[in-house]
Amino acid sequence: MSGLMDKVEFRAALENAIKGKSANKAPFSIAWASGKLSRAHLARWAENHYHYVGPFADYLGYIYARMPERYTEAKDFLLANMYEEEIGGDRHTDLLIRFAEACGTTRARVTDPDNMSATTRGLQSWCYSVAMREDPIVAVAALVVGLESQVPSIYRRQTPTLREKYKFTDSEVEFFDLHIVSDEIHGERGYQIVLEHADTVDLQQRCLKICEIGAQMRLLYTTALYWDYVAKELPMSELESVERKVPTEERQLLQA
Amino acid sequence: MPKVVIQRDGQSHEGEVAENANLVVMAGIKRFPFPHLRYGCGMGKCAKCACRVLKGAEHLPPPNWKEQERLGPKLEEGYRLICQLWINNDIELFQDTNPIKPLLAPAAPARSGAVD
């Protein structure tokens, strides 16, 4: 096993672990970035995504309760993050539902858990499991550093795609817009907590491992979206022809 | 690196930020301009971060739809929503002691302000 890394080395290792090994091959992401999805496909994405990100404050609530009292700053950050997800401005899930409605589905369909796939249920369960059972610093690494911190760079690239290729209005894609700022704060604070408190070799290695697993879970989720909802109308052969034209960064949509 | 000057409560605070920095993000992670910039929702709704741009406005992009919706005629007075701006050039800002009220209130209750 490697020795204890300093903060610069550890941060670089975390960033590397988050990237995953093959996330840029997710077919749903390639289809999204190339403008080939229909609004019905995007509606199915929203109906699933709600059940992954909707309970984010719940995940954090479990971590908050188990975070040692002496880590005051970390606890305050988790509380602020929960507040901002829910009542800091517009409720984030309400903005996701607004996007979903623009795609042709309804609030009732989005909030109905029967409309998520088994794989999405698996991702949600993994998030709950990590929040409830892992060391709280490892859980922050998984959910805040591994998942939430990835959102800004992805959505910054994808919001113009939604406007220009899919012709959504500014208001309809606000869900993607707001994450650019708020998740950047959350992700960076998450890094600060993990860099500060993962102060043993064992904890550092567990943080790295769970970021790798998070990358695998994201890929599993996104790949399932393609096979469950898109593959019949948009076969892989059609996607392979556009894959080379899609910038690498854009293929990572929905990996966070 | 862009130089940022923030005037508030009769004091002037000066620092440098990386190119393409968002000042609300920087304040949120407790780097300059923390604790001198007041902000709230970070999503262009509550207008707590609104500042009047004293210098450097010519380098900023035109106000986006959220700024137009929230600030309206205040835009003519030089106000901008700082959470909506990514800074690439020197800028000087003035933040009122009391936050301005947005034309359109956020749907959920506004945060009292992380660094009021």
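With a 6.0 Å radius and a threshold of 12 heavy atoms from other residues, nucleotides or ligands, B:E76 has its CD atom at or below the threshold. In A:E73, the CD atom is not crowded: 12 or fewer heavy atoms of neighbouring residues, nucleotides or ligands sit closer than 6.0 Å. B:K30 NZ: 12 or fewer foreign heavy atoms inside a 6.0 Å radius.
A:F77 places none of its side-chain heavy atoms less than 4.5 Å from the side chain of B:I29. Using a 4.5 Å heavy-atom threshold, the side chains of A:D177 and B:W65 count as touching.
Rounding to the nearest 0.5 Å gives a distance of 10.5 Å between SG of B:C46 and CG of A:D90.
For A:D6, the side chain to side chain contact (heavy atoms under 4.5 Å, CB included) partners at least two apart in sequence or on another chain are A:V8, A:E9. A:Y59 is linked by a ring pair (Phe, Tyr, Trp, His ring centres under 6.0 Å) to A:F56, A:Y128, counting only residues two or more places apart in sequence or in another chain. Residues satisfying the side chain to side chain contact (heavy atoms under 4.5 Å, CB included) criterion with B:Q68, sequence neighbours excluded, are B:P63, B:L75.
Using a 4.5 Å heavy-atom cut-off against chain A, the contacting residues of residues 18-26 of chain B are B:N22, B:V24, B:V25.
Of all non-hydrogen atoms in A:E174 and B:M43, the two that sit nearest each other are OE2-O, 4.2 Å.
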